[in-house]
Amino acid sequence: MRAGLGAFALPALLAAAPAPASAPASAPGPASGGGWSAAPAAGRPYVYLEGAAGSVLTDTLSVTNPTAAPLTVRLTGDAAPAPVTFAARTVTVPARTRADVPFTVTVGAGTPPGDHRGALRAEAAARTAAARTTVVPLHLRVSGPRLAALTVEDVRVDRSGTVRYTLVNRGTTTLVPRLAVRADGVLGTVLDRPERPLPLTLRPGERAFRTESWPDPPALDAVTVRLTATAPGAPPATARAAASFASAPGLAAATVALLAGAGAVTYTAYALRRRKR
């Protein structure tokens, strides 16, 4: 350390260094403000780590205190598929000193390949002049084969005509699905809804329970509803469900039609018999 900067003890794996003498106490830097800064080692704007599923990745976060008073910060982090662990959760950095705090990111064995986002947070103690939270972006890339796969499952149609289904991302990449709906009855097609984008994004392994409204289903019919889901790079996924509709008005109309038909047949038979006489 340079003369005039006091040395201090930190937990194992924690390194200390004097703050740059050329930087004034209020100088902004990566994730800086309030007189102190937190940034990846070597002044990078964000943390970038890459590794395979099952690996443990390491890096260092630098907390710089160029002020004339000690600084205590609490360190936390998260990356959606992988926990972040710091060598020390709470660090006190003396005046005009930098603390380099190692951390690890543990990539689970089942983590899908692809890009994942997270963040590191350094939070200064409350009720102090330096109180605030600094966020450092964390970019994690998990290596491995990329596979786009989407399925449509659990399709069913209730009496009101609402179609319920589940979309499942069975691959290793994030998907933005599209959906087409078609229903065929006894006499032909009764619903034909062309493919359209859905307002959701599916991460690997994620399931989404959704519904499709059908405000005017047939009053009396037996139909087969077919859902076709697509996503860039994934083969189309199709699922079907059968449904029967028999509303009171539909049954009444069918009864009238049957009676009318029966009456017409009876009259025709009677007329034919009279002619034969």
Side-chain angles (χ1 to χ4, degrees), residues 1-111 115-143:
M1 286 189 177
R2 300 179 183 177
L5 296 176
F8 65 100
L10 289 175
L13 301 181
L14 201 58
S22 60
S26 59
S32 66
W36 61 275
S37 65
R44 292 165 290 157
Y46 58 86
V47 175
Y48 176 82
L49 295 171
E50 182 174 355
S55 60
V56 177
L57 310 175
T58 62
D59 206 330
T60 302
L61 182 71
S62 296
V63 181
T64 304
N65 177 20
T67 71
L71 169 72
T72 298
V73 294
R74 180 174 177 267
L75 303 176
T76 58
D78 64 82
V84 177
T85 304
F86 281 92
R89 295 288 299 274
T90 301
V91 177
T92 298
V93 187
R96 302 183 183 87
T97 305
R98 185 189 76 234
D100 296 330
V101 189
F103 64 90
T104 62
V105 176
T106 304
V107 185
T111 304
D115 295 323
H116 307 274
R117 299 297 177 96
L120 307 179
R121 294 176 179 82
E123 181 180 3
R127 297 185 296 277
T128 66
R132 65 181 176 83
T133 299
T134 294
V135 179
V136 177
L138 188 156
H139 298 183
L140 172 64
R141 173 166 292 179
V142 180
S143 57

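All residue numbers in this chain count up from 1 along the given sequence.
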Notebook entry, point to check: Roughly how far, to the nearest 0.5 Å, is CZ of R96 from CG of L71?
Noted result: 13.5 Å
Check: Would you say T111's side chain and A109's backbone share a donor-acceptor pair under 3.5 angstrom?
Finding: no
Next item on the list: Determine the minimum heavy-atom distance between V136 and P40, stating which atoms define it.
Entry: CG1-CD, 3.7 Å
Donor-acceptor list for residues 49-59 side chains, cut-off 3.5 Å, not counting sequence neighbours:
| unit_1 | atom_1 | unit_2 | atom_2 | d |
| --- | --- | --- | --- | --- |
| E50 | OE1 | Y48 | OH | 2.9 |
| S55 | OG | A52 | O | 2.6 |
| D59 | OD1 | R44 | NH2 | 2.9 |
| D59 | OD2 | R44 | NH1 | 3.1 |
| D59 | OD2 | R44 | NH2 | 3.1 |

Note to self: The criterion is salt bridge (Lys or Arg N to Asp or Glu O under 4.0 Å); which residues satisfy it with R141, sequence neighbours excluded?
What the structure shows: D115
Check: If you look at every heavy atom in P137 and P45, which pair is closest and at what distance?
Finding: CD-O, 4.0 Å
Margin query: Applying the side chain to side chain contact (heavy atoms under 4.5 Å, CB included) criterion to V91, which one of D100, V63, V101, T72 satisfies it?
Written below: V101
Margin query: Please find the pair of heavy atoms, one from P66 and one from G35, that lie closest to each other, and give the distance.
Written below: CD-O, 2.8 Å
Next item on the list: Indicate the atoms forming the closest heavy-atom contact of V84 with F103, along with that distance.
Entry: CG1-CD1, 4.1 Å
Notebook entry, point to check: Do W36 and V93 come close enough that some side-chain heavy atom pair is under 4.5 Å?
Noted result: no
Notebook entry, point to check: Are side-chain heavy atoms of L120 and L75 found at a separation under 4.5 Å?
Noted result: no
Next item on the list: Quick one: which residue pairs count as a salt bridge (charged side-chain N to carboxylate O under 4.0 Å, His left out) with a foot in residues 64-93, not counting sequence neighbours?
Entry: D78-R121
Check: Less than 4.5 Å apart, any side-chain heavy atom of V142 and any of H116?
Finding: yes
Margin query: Donor-acceptor check, side chain of N65 to backbone of P94, threshold 3.5 angstrom: yes or no?
Written below: yes
Margin query: With heavy-atom distances below 4.5 Å as the criterion, would you say the side chains of L61 and F86 are in contact?
Written below: yes
Next item on the list: Locate the shortest heavy-atom distance separating S62 from A41; write the atom from each residue and the value.
Entry: OG-CA, 3.8 Å
